[in-house]
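Residue numbers begin at 1 in each chain, while the letters A, B, ... track the order of the sequences.
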Amino acid sequence: MTEQLLFWVFAILTCGGALAVVVTQNVVRMAFWLVVSLGSVAALFFLLHADFLGAAQLLIYVGGTVVLLVFGVMLTASGHTIKVQTTPAETLLGCGVGLLLLCVLVFGINSVEWSDVASRIPKAGDSAAVTDHAEDVRLESAVTSAKSDESRDKAKNAQEAVLARRQSGRTLRQLGLSFFGLRPDRNLNQEAGKPLAPGYLLPFEIISIHLLVVLVGAAYLARAKRRVTPGLEADL
Amino acid sequence: MDGVGLEAYLIVGAVLFVCGIVCMATKRNAIGVLMGVELVLNGANVNFVAFSRFTPLGLDGQATALFVVVLAAAEAAVALAIALNYYNNHLTIDVDRGNELHG
Amino acid sequence: MSGPLAVLTLENYFASVLKSCADSETVAMVAFVLAALTHAALLLGLFGGLPVFYIWLERKVAGRIQDRLGPTRVGGKFGWLQTIADGIKLIQKEDLVPKDADSLVFRMAPYLAGVASFVAFMVLPVADGWVGVAAECGAFLILALMSLEVLGIILAGYSSGSKWALFGAMREAAQMVSYEIPMAICALIPLLIAGSLNLQVVGRMQSGGFWNWFIFHDPFAFFAFFCYFTVATASVKRAPFDLAEAESELVAGFHTEYSGFRWSIFFLAEYASMFAVSGIAVLLFLGGWETGSGIETVIFGGGEGSGLRSWWKDVPIRGFGLGSYIANLFAVHVFVIKASLLVTLQIWVRWTLPRLRIDQVMTTCLKYLVPISCFLFLGAVLWPLILASTNGRPVVFGNALKSVVSSGSGSAPTVARTNSEVTR
């Protein structure tokens with residue numbers, strides 16, 4: 001119930017922020033609404049038991065990328081460029097097409113029976129893979145059944161397990177290990193002889209090289225060549 | 001505790017995605033277009049993480065989402081450098097004015 | 001068990017009190033909301049109370065350094081109530097929004113900065129098990145949350161519609177984007193020693209004598225502390241790095257156009273983040289909530305269930321022991337005093353050193369602090385390997401490895417164990 005309440009608050013903030021980004025014409029206000037939207041997405045990640053990802057979202061997106069964007073706005077906005085208007089016809093057309101796309105997506109989402117999707121996904125090489133959500137449901141039912149049995153110790157244990165679970169997004173170590181090519185969530189309980197699930201060592205390496213290339217490339221692209229923005233460069 | 005299902009998160013992701021697409025299509029400010037890209041990537045990320053919680057895909061969704069976040073940061077840095085270059089050459093940030101190669 | 005479940009104890013308590021009133025689902029929700037509100041109120045007290053003291057301290061220290069007396073009139077001989085008087089004055093002032101300002105962003109920006117500074121307190125453990133959110137990736141989360149304050153300041157400066165505020169915001173943006181890098185790298189060094197991002201585990205590993213503190217773990221960690229403290233001072237934009245304000249050049253920098261209550265929120269946020277970064281420094285390098293003299297072991301007994309800590313357990317709330325409550329209360333005071341000493345150091349530095357120029361600030365960061373912190377990080381990684389191959393054990397003195405084993409079963413592993421037990 002609490003989770004539901006929190007979900008609705010942050011879902012509305014996310015969608016409202018995103019809509020405000022589209023509707024607003026002023027770039028700085030767009031950045032503000034983008035912060036609202038992306039911050040709420042981070043909160044949704046916390047609700048989805050992805051603590052590390054939520055923190056990464058806050059650090060990289062809200063604290064990094066948006067600061068960079070606002071920095072870009074400050075370097076480029078001078079009077080006439082702060083409000084570059086689109087004509088009403090273009091806006092109307094864009095919103096109409098967007099609304100159609102949204103209708104298609106929502107129709108697509110609603111036409112799938114999601115309640116048993118977990119059972120229809122082929123298990124990737126191991127039998128012990130259970131969804132985070134299914135684990136929650138199982139623990140909750142353990143609590144209620146233990147209550148009906150009036151076995152107080154069992155009820156308390158199960159209750160504490162539920163509460164402790166609710167507190168932890170527990171994905172940090174697993175994520176870290178998977179970037180080193182190990183998959184504790186898949187390989188710990190599987191029988192010997194079966195092929196091990198692949199980790200993410202290669203993508204991780206590729207992405208780190210990619211970041212280095214981007215760093216050099218961005219520095220090369222952004223270096224002052226012909227003319228510099230008067231006034232700002234002198235003070236920076 | 002199981003009041004919110006997968007659909008709710010997918011719809012939030014869809015709204016983010018559509019807002020991003022519309023933002024990319026209608027904004028004429030290059031940085032506004034960049035913000036649209038961020039929204040699209042976040043919509044995809046919400047889906048990834050929701051699937052990682054509600055299906056046995058498990059960690060895969062979160063790892064992919066993490067890669068998306070990192071790539072988005074890299075993309076923003078390069079795109080911003082390009083936008084600054086564009087501003088230095090054209091003295092405007094309006095993407096419709098970059099039509100010099102127009103035949 | 002008391003560690004991660006300290007928050008839940010309160011929730012259980014409320015649930016048991018309310019049990020007779022309504023059906024179970026409503027009770028669970030009301031209990032959760034009540035527990036959350038109680039914790040929020042406690043944290044808000046810390047967030048609001050400490051800056052009041054630090055602002056008084058700043059004036060007093062500044063006065064003494066400049067051979068003045070500082071505040072002397074309001075509230076007795078030492079001017080104890082000076083900050084309160086300031087606060088009352090500020091609330092009474094008119095809430096101005098300049099004509100050129102972007103009024104929505106201008107109004108919201110102080111709250112963005114204030115909230116970002118407040119939520120950092122949420123993951124800062126003030127004693128063993130006393131933490132708002134016992135996140136597994138607490139250290140990462142707190143760095144992430146603290147980086148959000150910058151955004152409020154940049155938006156404030158940009159939306160003011162004044163060139164001084166814009167310059168302040170530009171400088172702040174440039175400074176922050178650069179200083180976050182060495183800050184994260186320096187914070188990584190003790191986390192690497194601890195092998196955990198959980199700030200409670202990091203704190204617990206440094207219990208016992210001061211030789212267990214991570215600052216004395218290896219020479220690289222020792223220098224990393226000073227590097228971190230420099231960068232942290234810069235990241236809360238204190239002098240000599242207060243280029244975003246720079247009173248002598250930019251009028252008042254990013255908050256030139258602000259007045260009254262919104263202005264005071266910026267200051268609340270600044271002093272609160274001074275405490276937050278000092279608190280992180282204390283947790284990561286200086287032994288967290290323990291004095292380092294071993295006096296806790298003498299008074300309260302060693303582990304969780306022995307000595308005074310085990311005294312009067314489960315009364316009146318299950319999982320709540322009065323003995324461990326007193327021990328934790330002592331620990332909170334130790335933690336706050338340690339962090340306050342670091343804040344005092346920041347104040348001292350502010351009134352002693354002249355301000356750097358903006359190009360000097362950027363040079364200090366990008367040409368000196370980033371390479372130095374990278375070198376320290378590399379050294380801290382290699383240190384245990386070198387020691388293990390030459391000395392036979394990965395530490396010179398202290399018992400860092402042993403305490404991993406004994407205290408590692410504190411929070412996250414406990415949770416994991418209960419889970420697996422229930423699963424079976």
Segment of [X] engaging chain A (4.5 angstrom heavy-atom cut-off):
X: B:L80; value: side chain
X: B:I11; value: both
X: B:F17; value: side chain
X: B:E75; value: neither
X: B:L34; value: side chain
X: B:A25; value: neither
X: B:A79; value: neither

So which of [options] has the largest heavy-atom pair count under 4.5 angstrom toward chain A?
options: B:V15, B:V49, B:L6; answer: B:V49
options: B:V78, B:L66, B:V46, B:V70; answer: B:L66
options: B:A83, B:A77, B:A76, B:G36; answer: B:A77

Let me know if [X] has heavy atoms under 4.5 Å from chain B in its side chain, its backbone, both or neither.
X: A:L105; result: side chain
X: A:L211; result: side chain
X: A:I60; result: side chain
X: A:L34; result: side chain
X: A:L215; result: neither
X: A:I207; result: side chain
X: A:A31; result: both
X: A:T14; result: both
X: A:V21; result: both

Evaluation steps, ring-ring contact (aromatic ring centres under 6.0 Å, His included), between B:Y9 and A:F7: CA-CA 9 Å; B:Y9 285 99; A:F7 169 78; 4.6 Å; yes
Which of parallel (below 30°), tilted (30 to 60°) and perpendicular (above 60°) describes A:F179 and A:Y200?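 Perpendicular, since the angle between the ring planes exceeds 60°.
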Drop me the distance from [X]'s [atom1] to [Y]'s [atom2], to the nearest 0.5 angstrom.
X: A:L47; Y: A:S40; atom1: CG; atom2: OG; value: 10.5 Å
X: A:I209; Y: A:F204; atom1: CD1; atom2: CZ; value: 11.0 Å
X: A:F32; Y: A:T24; atom1: CZ; atom2: OG1; value: 10.5 Å

Go through it in stages, so that I can follow the logic: the residues are A:V28 and A:V70, the test is side chain to side chain contact (heavy atoms under 4.5 Å, CB included), and I'd like the CA-CA distance, side-chain angles, deciding distance and then a yes or no. CA-CA 7 Å; A:V28 186; A:V70 177; 5.8 Å; no
Between A:L53, A:L101, A:L19, A:T65, which shows the greatest number of heavy-atom pairs under 4.5 Å with chain B?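 The option with the most such pairs is A:L53.
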Mind ranking A:I12, A:T91, A:V23, A:L38 by heavy-atom pairs under 4.5 Å with chain B and telling me who comes out on top?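 Looking at each option in turn, the highest pair count goes to A:L38.
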Closest contact, heavy atoms only, [X] versus [Y]:
X: B:M24; Y: B:V33; result: CG-O, 3.6 Å
X: A:F46; Y: A:A55; result: CZ-N, 3.8 Å
X: B:G32; Y: A:M30; result: CA-CE, 3.4 Å

Could you check A:Q57 against B:N42 for side chain to side chain contact (heavy atoms under 4.5 Å, CB included), going step by step and ending with a plain yes or no? CA-CA 9 Å; A:Q57 168 96 2; B:N42 265 279; 2.7 Å; yes
I'd like to know whether B:N45 forms a side chain to side chain contact (heavy atoms under 4.5 Å, CB included) with A:V41, so could you lay out the CA-CA distance, the side-chain angles of the two residues, the decisive distance to 0.1 Å, and finally the verdict. CA-CA 9 Å; B:N45 260 1; A:V41 169; 5.7 Å; no
So which of B:V22, B:I21, B:L16 actually passes side chain to side chain contact (heavy atoms under 4.5 Å, CB included) with B:V18?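 Filter result, single survivor: B:V22.
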Donor-acceptor check, side chain of B:N85 to backbone of B:A81, threshold 3.5 angstrom: yes or no? no
